[in-house]
Amino acid sequence: MRLDIGRFPIRDMAFGKETRYEAGILHIDRNEALDVVMEDAHIVSAELHIVKPGDPVRIVPVKEAIEMRCKIGGTAYPGVTGQLAPAGSGVVHALTGGCVLAAGKKWGSFQDGLIDMGGPFQRYTIYGSMTNLVLVADTDEEFERHEQQKRNHAIRWAGHRLAEYVGSCLQNLCPEETDVWELPPLDARGDASDLPGVVYVLQVQTQMEIPGFNTLYYGWDCNHMIPTLIHPNELLDGAVISGSFMPCSSKISSYEHCNNPTVKRLMREHGRTINFLGVILSNLNVAMDQKQRSAQVVASLSKNIGAVAAIVCEEGYGNPDVDYIQTLVELERVGIRTVGIANECTGRDGASQPLMTLDRAADALVSCGNVSEILHLPPMPTVLGDIHSLERDGISGGWDGCVAADGSVTMEDNGIFCGDHVSGFSMKTCVDY
Amino acid sequence: MKDTGKKFKAVCYLNQFFGQIGGEDAADVAPTISEGPIGAAAIVHSLTDEIEVVKTIVCGDNFAASTPAEARDAVLDLLDGVEFDVFLAGPAFAAGRYGVACVLMATEVRKKFGVPAVTSMNAENPGLGMYRSSIHVFEGGRRASDMKKDMGRMVSFARSRLHGEQIPPAAVAGYFPTGVRGQIFLEDGEIPGLPVLAAADRAVDMLLEKIANRPWRTELPIPETRAVAIAKAIPSLKEVKLALVSSGGIVPSDNPDRIESCSATKWGKYPIAHLKEGFPAGDYKTIHAGFDPTEADKNPNVIVPLDAIRHYQRIGRIGEIEEHFYTTVGTGTTQAEASRMGQEIARDLKERGVEAVLLTAT
C-alpha cells in the first residue's frame with residue numbers, strides 16, 4: 001500500500017477574496033469558509049481567526065485540531081466528512097505547519113483544553129508553534145449545554161468540514177515536497193522479513209458507553225470493536241478521528257492521528273532496523289473483561305503476524321492505565337518485547353503512584369508528562385473563546401476559581417490541549433525529585 | 001550563587017563520635033545541645049559564610065537506635081525556642097544506627113519546625129529504608145574521609161533552599177528520590193545525558209536497544225513491589241478476636257487526631273465497644289477526599305461494616321471483636337507511608353491479641 005502525501009508548507013496565512021494557496025501563503029475567503037461551517041444548522045454563530053506562533057493569544061476551550069488536507073479523488077476523513085472509502089493509498093495534499101483549531105465560543109467540556117500561542121506556555125503544545133485557522137463557534141446543542149461531558153458534535157464536525165474545505169484548494173496544485181509512505185503486504189516484505197517484526201499498538205480512548213464520544217475508525221465507534229490490524233497508511237490518511245472524552249492533555253487530536261510521529265519513525269525504520277508489521281488499533285474500554293480481552297487479542301494478533309517487539313501508546317490515564325499495563329504484560333508474556341508511551345498522574349504533591357497499576361514487566365516506558373503538574377499562566381492580552389469555561393464547565397485541569405480577575409490562570413497540566421502529546425510529539429518527560 | 005551577605009541559622013545533628021564525645025563507649029549518651037558548631041559541624045563554616053551553625057545537637061547512636069521515641073522527644077525539646085532556618089543531620093556515611101537517627105531526626109524536626117532538613121549517607125545505609133519523603137538525603141561516601149564532600153553537598157543544597165530556589169531533580173542535585181515525580185522539558189537540559197528527543201524517537205530508540213539486548217533506560221522505573229502472602233483461612237471466626245481496620249477515612253466526627261483527608265501520615269484507633277448496633281450517623285463521618293462522602297456520612301457502616309459484624313456476633317458466627325476500630329485515609333497516601341502505618345497498626349493489633357482483621361478499602 002502506497003500513500004503519497006504532498007506537502008504545502010504554510011509560511012503565512014491571511015484572509016482574502018479567494019481561498020487559495022500561493023507561494024507558501026494560504027489565503028482564506030472568510031465568508032465562503034464560514035458558509036461551510038454553517039452548513040450544519042446546529043452551528044448558531046461562528047467566527048474565524050488566524051493565529052501565528054508568538055501571537056499574544058490564548059485559545060480555550062479548544063475541542064479539536066484537524067489537518068487541512070484533501071484526498072485527490074476522494075474524501076479526507078472517510079466515514080466522517082464524506083462517504084466511506086478505503087484509506088491508505090493514493091494521493092493526499094496537505095497544508096503543513098498549521099491546522100484548524102475548533103473551539104467553543106463560550107461552552108467547554110471535560111475533554112477541551114487551552115492553547116497559548118505566545119508567552120511562556122507557548123511550548124506546552126505543538127499548536128503554539130503552528131500557524132492556525134481558529135474556528136470559534138457556538139451551537140444549539142441545548143441537551144448538553146450544561147453537561148461536563150459533551151459530544152461537541154457540531155463544532156468538531158464543522159472543524160473537519162472546514163479543514164477539508166481549505167484543503168480542497170490544493171486539489172490541482174503541485175506540492176513542494178512529497179512524502180511517500182509505502183509498506184507492502186506482510187508476505188511480500190523481501191529482505192525486511194529478516195529484521196525484527198514490530199507492531200505499534202494504538203490504544204485510543206473509548207470509555208463512553210453511549211454513542212457520540214469515542215474515537216472513530218472510518219466513523220465506527222472503537223468501543224465496539226476488538227483490536228484490529230490496520231495499515232499505518234490508514235492512520236496517516238484520516239481513517240481515525242479523535243473522540244470527545246478524555247482529560248485534555250492526554251488527548252490525541254485528529255491532526256496528531258494523521259501525523260503520528262511514532263508511526264512515521266517506525267515507517268522510516270522499516271527495512272533498515274525493523275520489519276514494521278503494522279498498527280494494531282486497540283481501545284480503552286471500562287469493563288474489566290473488555291480490558292482483558294483487548295490485551296489478549298493484541299498479544300495474540302501480534303504473535304500471529306510474527307512480531308517480536310511492540311510499542312504501546314495509551315490515550316488517557318487513570319482507569320485506562322489498567323489496559324495499558326495489562327497489554328504490556330500480555331505482550332511480554334508471549335515473548336514480545338515492549339516499550340510503552342503514556343503520561344503520568346503523580347498527584348498534587350507529586351507523590352502518588354504515577355500509573356493506576358504497575359507491573360515489573362513494564363520495564364521500558366517513555367513518559368510524556370505529568371497531568372497533575374500545577375501551571376501558573378500569566379494573563380494573555382487576547383483570548384479566543386471564553387477563559388471562564390476553564391472554571392465553569394468542568395474542563396479537566398480547571399476548577400472553580402482557577403481564573404483570576406486579571407485573566408491569569410492556575411490549572412493542572414491536564415487542561416493543556418493535547419499537551420502530553422502521547423502520539424509522540426512530547427518533548428517532556430518525568431523525573432524523580 | 002551570589003553571596004547575599006545574609007546569615008542563615010543552622011542546627012547540626014551529630015552522633016557521639018562526630019560530636020567528639022567519644023566512640024562506642026559513649027554510644028548510650030542522651031541528646032545534648034551546645035552553642036555553635038561542635039566537631040564535624042565546624043566544617044559548615046569552612047564551606048560557606050552564609051550559614052551560621054547556631055547549635056549542635058549530639059546524641060549517642062545506641063540511644064537513638066534503641067529508644068527512638070525518647071531520643072526524638074528529647075531532640076525536639078532541646079530545640080524548643082531555638083531560632084533556626086535549616087537542620088543538617090550527619091553526614092552518616094555507611095554507619096547504620098547513625099543513618100537511621102539522621103533520617104528520624106531530620107523528618108521530625110522538619111515536621112515540627114517546618115524548616116528544610118538535609119542529611120547524607122551511603123546508598124547502603126539502612127537509614128534509606130525509612131520513610132523520608134519530606135527531607136532530602138544526599139548520596140554520600142562510605143567513610144569519614146568523604147566528610148568534606150558530603151557535607152559540601154548538604155550545605156550547597158541548604159543554601160539554595162534557603163534562597164528559595166527551585167529544587168532540582170534528584171539526579172541533578174544528588175539526593176535520593178523522595179518519592180515525588182514531576183515533568184520537565186528535555187530541551188531545558190536540566191538533566192545532563194538525557195536525549196533531547198520527542199517521545200516518538202525516545203520510544204523507538206528504546207525499543208531498538210531492547211530488541212538488541214543492549215541496556216536501555218526506562219523513564220518510569222517501576223518500584224519493586226513486595227508481594228504479601230495471603231494468610232491461611234481461619235476455620236472459625238468464633239474462636240478468634242477480630243478487628244476492623246479501614247482506609248476509608250471513617251473517624252469520630254471531630255476527627256480528634258486530625259488525620260489528613262489526602263496523603264495521610266496518621267492513623268487512629270477509636271473505641272467501638274459501646275456501639276452495639278454499628279456506627280450511628282452524625283457521630284462518625286468519612287474524611288476521605290477520594291470519593292463522594294454522601295452515602296458514607298449517611299451511614300458510616302457502608303465503609304466499616306460494624307453493623308453487620310455486630311449482627312454476626314449476636315447470632316454467634318463471630319466471637320470476640322476488638323474494642324477499637326483502626327482507621328486512616330488511603331487516597332494519595334504513598335506506598336511507603338501506608339506500609340509504615342500498616343506495620344504500626346499490625347504491631348498494636350498483635351499486642352492486643354487480635355488474630356483476624358477485616359480490612360475495608362474504598
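Letters A, B, ... mirror the listed sequences (proteins, then strands); counts begin at 1.
A/Asp413 touches chain B through its side chain: at least one heavy atom from C-beta onward sits under 4.5 Å away, while N, CA, C and O do not. Of the two parts of B/Leu197, only the backbone, made up of N, CA, C and O, holds a non-hydrogen atom closer than 4.5 Å to a non-hydrogen atom of chain A. With a 4.5 Å cut-off on non-hydrogen atoms, A/Ala310 touches chain B through its backbone but not through its side chain. Neither the backbone nor the side chain of B/Val172 comes within contact range of chain A; no heavy atom of the residue lies under 4.5 Å from a heavy atom of that chain. Neither the backbone nor the side chain of A/Val308 comes within contact range of chain B; no heavy atom of the residue lies under 4.5 Å from a heavy atom of that chain. For a residue to count as touching a neighbouring chain, one of its non-hydrogen atoms must lie under 4.5 Å from one of that chain's; by this rule A/Pro261 touches chain B with backbone and side chain alike. Using a 4.5 Å cut-off between heavy atoms, A/Val422 makes no contact with chain B at all. Residue A/Asn260: no heavy atom, backbone or side chain, is found under 4.5 Å from chain B. In this structure, chain B has no heavy atom under 4.5 Å from any part of A/Ser372. Only the side chain of A/Thr346 comes within contact range of chain B, with heavy atoms under 4.5 Å apart.
The candidate with the highest count of non-hydrogen atom pairs below 4.5 Å against chain B, out of A/Val263, A/Val431, A/Thr273, is A/Val431. When the candidates A/Ile341, A/Ile311, A/Thr262, A/Asp363 are compared by the number of heavy-atom contacts under 4.5 Å with chain B, A/Asp363 comes out ahead. No other option in B/Gly182, B/Ala212, B/Ala171 has as many heavy-atom pairs under 4.5 Å with chain A as B/Gly182. When each of B/Pro169, B/Pro168, B/Ala173 is scored by its heavy-atom pairs under 4.5 Å with chain A, the top score falls to B/Pro169. The candidate with the highest count of non-hydrogen atom pairs below 4.5 Å against chain B, out of A/Val339, A/Ile274, A/Leu266, is A/Val339.
In this structure, A/Gly424 and B/Ala198 approach most closely via the heavy-atom pair O-CB, 3.3 Å. Listed here is the closest heavy atom pair of A/Tyr124 and B/Gln183: CE2-NE2, 3.8 Å. Between A/Pro354 and B/Leu220, the closest heavy-atom pair is CG-CD1, 3.5 Å. When every heavy atom of B/Ile222 is checked against every heavy atom of A/Arg360, the shortest pair comes out as O-NH1, 2.6 Å. The two residues A/Tyr433 and B/Ile184 make their nearest non-hydrogen contact at OH-CG2, 3.4 Å. Considering all non-hydrogen atoms of both residues, B/Leu207 and A/Thr338 come closest at CD1-C, 4.1 Å.
The OG1 atom of B/Thr178 sits 9.5 Å away from the CG atom of A/Asp349 when rounded to the nearest 0.5 Å. We find the OG1-CD distance between A/Thr429 and B/Glu190 to be 11.5 Å, quoted to the nearest 0.5 Å. Atoms NZ and CG, from A/Lys428 and B/Asp188 in turn, are 12.0 Å apart once rounded to the nearest 0.5 Å.
Taking a 6.0 Å sphere around NZ of B/Lys266, one finds it holds more than 12 heavy atoms contributed by other residues, nucleotides or ligands. At most 12 non-hydrogen atoms from other residues, nucleotides or ligands lie less than 6.0 angstrom from CZ of B/Arg217. When the shell of 6.0 Å around CG of A/Asp400 is examined, it contains 12 or fewer heavy atoms from other residues, nucleotides or ligands.
At least one donor-acceptor pair closer than 3.5 Å links the side chain of B/Arg202 to the backbone N or O of A/Ser367. Within the 3.5 Å criterion, the main-chain N or O of B/Lys210 finds a donor-acceptor partner in the side chain of A/Arg337.
Two residues are said to be in side-chain contact when any heavy atoms from C-beta on lie closer than 4.5 Å; B/Leu208 and A/Glu269 meet this criterion. Side-chain contact between A/Val198 and B/Ile211 is present, with at least one heavy-atom pair separated by less than 4.5 Å. Using a 4.5 Å heavy-atom threshold, the side chains of B/Glu219 and A/Leu365 count as separate. For the pair A/Asp432/B/Val180, no side-chain contact is recorded, criterion being any heavy-atom separation below 4.5 Å from C-beta on.
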Derivation and outcome, side-chain contact (heavy atoms from CB on, under 4.5 Å), residues B/Val196 and A/Met427: CA-CA 7 Å; B/Val196 185; A/Met427 292 301 291; 3.8 Å; yes

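Salt bridge annotation for A/Arg265-B/Asp205: present, with a cationic side-chain nitrogen under 4.0 angstrom from a carboxylate oxygen.
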